Novice: 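Attaching a single structure in structure tokens format; questions to follow.
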Amino acid sequence: MPLITTPLTVRDRTIKNRITQLPMVPFPFIEDGKDYYNTQHLHHYARAAENGAGLIIVQSTRVEGVTREQGMWTPGSRSILERIAENARLSGATIMIQLSIEPEQGKDINQWSTEAVLEKQNELKEAALKARELGFHGVEYHFAHGFTLCQFMDAGANRRTDQFGGSLENRCRIVTDILPEVRAGAGDDFIISARMGEFTPTSEEGIATARHLEQCGMDMLSVSFGMTVPEGPVPEGFEFSPVTHSAHVIKQAVSVPVIGAFGIRTPEQAKGLVEKEYADLAGLGRAMLADPRFAANLLHGTPYHPCISCKNCSWFTNTLRCPARKLPETA
Ligand SMILES: Cc1cc2nc3c(=O)[nH]c(=O)nc-3n(C[C@H](O)[C@H](O)[C@H](O)COP(=O)(O)O)c2cc1C
């Protein structure tokens, strides 16, 4: 039986335990013209690494501008990312970064020209290679939460008639086409993964997509729908949310490791998820914001600050203001 402390090898890389900090945007956006990544991010991710998380996935990072040193890839931002990766490596954590593409104001993906998609595709590849250069162990392509890559994958949203629409293969092509080049450039031990939902748009499609992504060379999958979870029934006795159940469904369909997430608030839940083999890695989001020492407290059995589910933490709110951090710890 795997334990939360059991190492997991993905390609040639061993993740030291199953505790995963999910990608989360922890601070508000800064003014235009400034570097996106700053010392707040440096401290935020260093804390997660020092406190024992086995895998840390840095927040959604838009690939636009990567080849021109613009957007989230200015020299200042890149130097912070490089230090984030270095800190994690020094603490023995595996560090990845989530890559996404920016929605185009007023246009859905069906209105993008083929040339525009090819340009995004190139940036998705270049960003992965840049991540490798900056010292990251891998990337996670953000195919979830209805965002742009999710719309490509989703047969319900993608009505394109070029090579990026139609069949499942075509709908995933924006990323799957570049995987051989990313692999060749980033090396054998670089982890390439995808975050995806089960119901995009149906469970059958989600399962088929997961299998296809695995066949195309994805090393790991993270299963998530977003922050609002449909009230769905889960089988009797399944003690986690429908999102976590989806991870279990996907895990049964593929042989690569799967990250399960949503509403994992206590050390017992994180351990149970792994021990019952519902998922290979326990993905923690708000639990880690409420207590940046959550991983250490879990590993040592020490009291922690539990997330109080206040629902005030959404994207771009300042994590340092999380009210749970001020409340007494729970044994
Ligand atoms: C403040 C905040 C920022 C988030 N940013 C991202 C993100 O950048 N990329 C992503 O895939 N999910 C993002 N999420 C979703 C989380 O990764 C996670 O799936 C979600 O919070 C559910 O897990 P939890 O119940 O453990 O918090 C964010 C969530 C929060 C609370």
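All of these numbers come straight from a predicted model, not from anything done at the bench. Whatever order the structure lists them in is the order used to number ligands and atoms, beginning at 1. FYI, side chains are in, hydrogens and waters are out, and symmetry mates aren't considered; it's all heavy atoms of this structure.
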Novice: Among all residues two or more places apart in sequence or in another chain, which pass the salt bridge (charged side-chain N to carboxylate O under 4.0 Å, His left out) test with D154?
Specialist: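 In terms of salt bridge (charged side-chain N to carboxylate O under 4.0 Å, His left out), with neighbours along the sequence ignored, D154 is linked to no residue.
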Novice: Centroid-to-centroid, Y36 to H41, below 6.0 Å?
Specialist: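 Y36 vs H41: aromatic centres under 6.0 Å.
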Novice: Just list the side-chain donor-acceptor pairs under 3.5 Å for residues 289-296, sequence neighbours left out, or say none.
Specialist:
{"residue": "D291", "atom": "OD1", "partner": "R293", "partner atom": "N", "Å": "2.7"}
{"residue": "D291", "atom": "OD2", "partner": "N297", "partner atom": "ND2", "Å": "3.0"}
{"residue": "D291", "atom": "OD2", "partner": "H305", "partner atom": "N", "Å": "2.9"}
{"residue": "R293", "atom": "NH1", "partner": "N51", "partner atom": "OD1", "Å": "2.9"}

Novice: Partners of R83 by side chain to side chain donor-acceptor pair (under 3.5 Å), sequence neighbours excluded?
Specialist: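 Per chain and number, R83 pairs via side chain to side chain donor-acceptor pair (under 3.5 Å) with no residue.
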Novice: Distances under 3.5 Å, N/O of ligand 1 against N/O of the protein: list each pair and its distance.
Specialist:
{"residue": "ligand 1", "atom": "5 (N)", "partner": "V25", "partner atom": "N", "Å": "3.0"}
{"residue": "ligand 1", "atom": "8 (O)", "partner": "S60", "partner atom": "N", "Å": "3.1"}
{"residue": "ligand 1", "atom": "9 (N)", "partner": "Q98", "partner atom": "OE1", "Å": "2.8"}
{"residue": "ligand 1", "atom": "11 (O)", "partner": "Q98", "partner atom": "OE1", "Å": "3.4"}
{"residue": "ligand 1", "atom": "11 (O)", "partner": "Q98", "partner atom": "NE2", "Å": "2.9"}
{"residue": "ligand 1", "atom": "11 (O)", "partner": "H142", "partner atom": "NE2", "Å": "3.2"}
{"residue": "ligand 1", "atom": "11 (O)", "partner": "R195", "partner atom": "NH1", "Å": "2.8"}
{"residue": "ligand 1", "atom": "12 (N)", "partner": "P23", "partner atom": "O", "Å": "3.3"}
{"residue": "ligand 1", "atom": "12 (N)", "partner": "R195", "partner atom": "NH1", "Å": "3.1"}
{"residue": "ligand 1", "atom": "17 (O)", "partner": "P23", "partner atom": "O", "Å": "2.8"}
{"residue": "ligand 1", "atom": "17 (O)", "partner": "R195", "partner atom": "NH1", "Å": "3.0"}
{"residue": "ligand 1", "atom": "19 (O)", "partner": "R195", "partner atom": "NH1", "Å": "3.4"}
{"residue": "ligand 1", "atom": "19 (O)", "partner": "R195", "partner atom": "NH2", "Å": "3.0"}
{"residue": "ligand 1", "atom": "25 (O)", "partner": "G263", "partner atom": "N", "Å": "2.7"}
{"residue": "ligand 1", "atom": "25 (O)", "partner": "R265", "partner atom": "NH1", "Å": "3.2"}
{"residue": "ligand 1", "atom": "25 (O)", "partner": "R286", "partner atom": "NE", "Å": "3.4"}
{"residue": "ligand 1", "atom": "25 (O)", "partner": "R286", "partner atom": "NH2", "Å": "2.7"}
{"residue": "ligand 1", "atom": "26 (O)", "partner": "G285", "partner atom": "N", "Å": "2.9"}
{"residue": "ligand 1", "atom": "27 (O)", "partner": "R286", "partner atom": "N", "Å": "2.7"}
{"residue": "ligand 1", "atom": "27 (O)", "partner": "R286", "partner atom": "NE", "Å": "2.7"}

Novice: Is the distance from the ring center of H142 to that of F147 below 6.0 Å?
Specialist: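 Aromatic pair counts; centres sit under 6.0 Å.
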Novice: Counting distance only, does the side-chain N/O of W73 pair as donor-acceptor with the main-chain N or O of A127 below 3.5 Å?
Specialist: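 Not at all, since once roles are kept as given, no pair shorter than 3.5 Å links the two residues.
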